[in-house]
Amino acid sequence: MASTIPGFADILIRRKTISIDQFNEADQVARDTSTTPEESLVKLGYATSDEVMRAIAEEHRVEFIDIARTKIPDDIIQLVPESVARENSVIPVDEHDGILRVAISNPSDVDTIEKLRFILNRDVKISLAPRDSILESINRLYGQIEGESADSILQEFTDTAIDFTETEEGEFTDDDGIVDENSAPVVKLVQLMIQEAVQLRASDIHVEPFEDRVRIRYRIDGILHERDSPPRRLLGPLLSRIKIISKIDIAERRRPQDGRIKITAGEKELDLRVSVIPTNHGQSVVMRLLDPDNIKVGIRQLGFSEKNFNQFQGLIKRPNGIVLVTGPTGSGKTTTLYAGLSALNRPDRKIITAEDPVEYYLPGINQVQVNHKIGLDFSRIIRSMLRQAPNIILVGEMRDAETASIGIEASLTGHLVFSTLHTNDAPSAVTRMVDMGVPGYLVASSVIAIMAQRLVRTICPKCRQKYKPSDEVLEAAGFTEEQLANATFMRGKGCNACNKSGFKGRIGIYELMVVGGKIREKIFAGANTTEIRELAIELGMDTLYMDGMEKVLKGITTLDEVYRVAKKTEQDTH
């Protein structure tokens, strides 16, 4: 229980936007994840960033401004240099009688306000706006004025006939043979590509060579979006620049290679994991952006239903057993496992992980990276880590019978083991382990839960609006009259905040199968996936489809999003 309730929270409670219990939960999440109660309320979905900021504005008696709906002239934008705007997270709004009004997100930040008055040499008045809205406006408005984006640089390359070739050392030369790697336009292009991907909240950058062009795509909220394609002649310089900054062997073109890039974007330090593979038309590159903020989430913020949340909380408090998380690459398995580990990360517990590779670094947890070159694989790491007397073990992936057997052995000797598998749903994980060569009786006696998950895009909070799907659509989805009576169907209209997509951010949908007595008997008896699935649903398991439809009914996501990642089966009755 929070000892005192801050003014902004009291205002939100009086407005009935949130309850006292919701604030107390957000306050506890903020302590656990080293954030603020304001951020936690938004992440937990109890209030929007606009609602929180309006309450803070009322508390401090400062005007609130909706930047997304405010037209800011170019001449006003030019009054504050981009570097000043980005460094201080402020944006100019208007000017009256020589007083410049700027939007900031922290009314208590007196130092920034004084610094602005000194730098700009004019009187400054403040209004309040959510930080994410300010950053979006900076990216949108300053980009328009300066015309400096990856697309504009690519257009310059397309319009001009400058030809870049690659020397044996991987340096860039122009037509005159002058080598200057630091000032080459390709250096700027790669830098802008990464900056643009960060601004658009992309998780991957794909550089793919084809016969007549090089395709660049960003994966945003799980969906690939194509950018302007550079000319084919830029492939060599692009690859060289990416390899140089990720410390990959430039001369090697026949084998797959991996590397890492550390960058600073705004106030954030990001890691990029780089993968290069040879294809028919040259080397293809994928750069995966690893943002540490993505894993600073509590279990509550993952998107569990109340039932799944309570079950998962109970499972991770068990002293021993195996908890498996399944799903394809990019389905959020790592984030879920890390959220579980963070909840368990206390001074009285020893936690060791074996990962390939270690993507995010967790304070207070011993993380070991697989290194196949020296024979340091999952099975060898697990054997060694058991000698370290851990309480909790995370195995990045159960890839073979040996790794699975050692993980099972660890669980049977008093350890809680977390791991992942690549299967389509929760019941399939049982047959997958048996297919790997693990005896069914060992699976039944060690696995305490299997959770399948997918990620669906959430509707943009800025442009969401109610709508009524057609009767045919509702009938095909399988909703009951009772569900429809309390349903709130939403969709995004498309705005600047979500790049006209109608979606912003993602949330998990889950299928949590707790392995109790009846399911354990089925596994002992060698039952197939369908039989295990039917029994689990009978015992109260919500399938991926069911959980997704619950989020549709609450206006969190859309029917099409759920159909994209989960299919309806005969057992999916509501």
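Distance alone, capped at 3.5 Å, is enough to place a donor-acceptor pair between the Glu252 side chain and the Arg255 backbone. Checking side-chain atoms of Glu511 against main-chain N and O of Leu544 turns up a donor-acceptor pair under 3.5 Å. A donor-acceptor distance shorter than 3.5 angstrom exists from the side chain of Thr420 to the backbone of Gly396, with no hydrogens or angles considered. Within the 3.5 Å criterion, the main-chain N or O of Gly505 finds a donor-acceptor partner in the side chain of Asp221. Listed for the Arg349 side chain is a donor-acceptor partner under 3.5 Å among the backbone atoms of Leu344.
In this structure, the separation between OH on Tyr218 and NE2 on His225 is 12.0 Å, given to the nearest 0.5 Å. The OG1 atom of Thr353 lies 8.0 Å from the CG atom of Asn366; values are rounded to the nearest 0.5 Å. Taking CD1 from Ile220 and SG from Cys498, the interatomic distance works out to 11.0 Å, rounded to the nearest 0.5 Å. Between the CD1 atom in Ile194 and the CG atom in Leu270 there is a gap of 10.0 Å [rounded to 0.5 Å].
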When you look at Val438 and Val443, which way does the side-chain contact (heavy atoms from CB on, under 4.5 Å) test go after all the steps? CA-CA 7 Å; Val438 180; Val443 177; 3.7 Å; yes
Run the salt bridge (charged side-chain N to carboxylate O under 4.0 Å, His left out) check on Arg86 and Glu82 step by step: do they pass? CA-CA 6 Å; Arg86 288 194 186 281; Glu82 181 178 358; 2.7 Å; yes
Just do the side-chain contact (heavy atoms from CB on, under 4.5 Å) check on Leu189 and Leu238 with the steps written out, would you? CA-CA 8 Å; Leu189 173 60; Leu238 264 175; 4.0 Å; yes
Pair Leu394-Ile351, side-chain contact (heavy atoms from CB on, under 4.5 Å): steps then yes or no: CA-CA 8 Å; Leu394 183 144; Ile351 303 174; 5.9 Å; no
Criterion salt bridge (charged side-chain N to carboxylate O under 4.0 Å, His left out) on Glu211 and Arg232, from CA distance to verdict: CA-CA 8 Å; Glu211 190 173 2; Arg232 168 74 194 186; over 6 Å; no
From CA spacing to verdict: side-chain contact (heavy atoms from CB on, under 4.5 Å), Ile138, Glu136: CA-CA 5 Å; Ile138 290 171; Glu136 282 162 7; over 6 Å; no
Would Arg131 and Ser89 count as a side chain to side chain donor-acceptor pair (under 3.5 Å) if you check the C-alpha gap in whole Å, the side-chain angles of each, and the deciding distance to 0.1 Å? CA-CA 7 Å; Arg131 181 181 166 80; Ser89 298; 2.8 Å; yes
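Between the side chains of Glu355 and Gln367, at least one donor N or O sits under 3.5 Å from an acceptor N or O. Side chains of Thr423 and Ser428: a donor-acceptor N/O pair is absent below 3.5 angstrom, by distance only. For Asn345 and Ser342, the side-chain atoms include no donor-acceptor pair closer than 3.5 Å.
Ile509 and Val565 get closest at one heavy-atom pair: CD1-CG2, 3.9 Å. For the residue pair Ile261 and Ser246, the shortest heavy atom distance occurs at CG1-CB, 3.4 Å. Of all heavy-atom pairs between His415 and Ala410, the closest is ND1-O, 2.9 Å. Nearest heavy-atom pair across Ser331 and Gln453 is O-NE2, 2.8 Å. Listed here is the closest heavy atom pair of Gly327 and His422: O-ND1, 3.3 Å. Of all non-hydrogen atoms in Ser411 and Val417, the two that sit nearest each other are N-CG2, 4.0 Å.
Under the rule for a side chain to side chain donor-acceptor pair (under 3.5 Å), the partners of Glu226 that lie at least two apart in sequence or sit in another chain are Arg213. Under the salt bridge (Lys or Arg N to Asp or Glu O under 4.0 Å) criterion, Lys551 pairs with Asp547, not counting sequence neighbours. Listed by chain and residue number, nothing satisfies the salt bridge (Lys or Arg N to Asp or Glu O under 4.0 Å) test with Lys333 (two or more places apart in sequence, or in another chain). For Thr431, the side chain to side chain donor-acceptor pair (under 3.5 Å) partners two or more places apart in sequence, or in a different chain, are Thr529. Every salt bridge (Lys or Arg N to Asp or Glu O under 4.0 Å) that Glu397 has, sequence neighbours left out, goes to Arg399. The salt bridge (Lys or Arg N to Asp or Glu O under 4.0 Å) search around Arg215 returns Glu208, not counting sequence neighbours. The ring-ring contact (aromatic ring centres under 6.0 Å, His included) check on Phe304 picks up Phe312, Tyr510, with sequence neighbours excluded. Applying the side chain to side chain donor-acceptor pair (under 3.5 Å) test to Lys262 and every residue at least two apart in sequence or in another chain returns Asp271. For the side chain to side chain donor-acceptor pair (under 3.5 Å) test, no residue two or more places apart in sequence or in another chain qualifies with Thr458.
Using a 4.5 Å cut-off on side-chain heavy atoms (C-beta onward), Ser419 and Met398 make contact. Within the 4.5 Å cutoff, the side chain of Ile299 has heavy atoms near those of the Phe309 side chain. You'll find the side chain of Leu324 stays beyond 4.5 Å of the side chain of Met451, heavy atoms only. In this structure, Ile242 and Met287 have side chains that are in contact, with non-hydrogen atoms separated by less than 4.5 Å. Using a 4.5 Å heavy-atom threshold, the side chains of Val430 and Met513 count as touching. Using a 4.5 Å heavy-atom threshold, the side chains of Val395 and Ile393 count as touching. Side chains of Ser240 and Pro237 form no contact here, defined as non-hydrogen atoms less than 4.5 Å apart.
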Distance-only donor-acceptor pairs under 3.5 Å for side chains of residues 556-563, two or more places apart:
unit_1, atom_1, unit_2, atom_2, d
Thr557, OG1, Arg457, O, 2.7
Thr558, OG1, Glu561, N, 3.3
Glu561, OE1, Arg457, N, 2.8
Glu561, OE1, Arg564, NH2, 2.8
Glu561, OE2, Arg457, NE, 3.1
Glu561, OE2, Arg457, NH2, 3.0
Glu561, OE2, Arg564, NE, 3.1

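Partner of Ile381 under the side-chain contact (heavy atoms from CB on, under 4.5 Å) criterion, out of Thr403, Ile406, Leu386, Val370: Val370 alone.
Within the structure, every pair that satisfies the salt bridge (charged side-chain N to carboxylate O under 4.0 Å, His left out) test and touches residues 422-435, not counting sequence neighbours, is listed here: Asp425-Arg533. Listed by first and then second residue, the side chain to side chain donor-acceptor pair (under 3.5 Å) pairs that reach into residues 382-392 are Arg383-Glu402, sequence neighbours excluded.
Checked for salt-bridge contact, Lys243 and Asp249 miss the test: no charged N lies under 4.0 Å from a carboxylate O.
Applying the 6.0 Å contact sphere to CZ of Arg346 captures more than 12 heavy atoms from other residues, nucleotides or ligands. For CG of Asn424, the number of neighbouring non-hydrogen atoms (other residues, nucleotides, ligands) closer than 6.0 Å is 12 at most.
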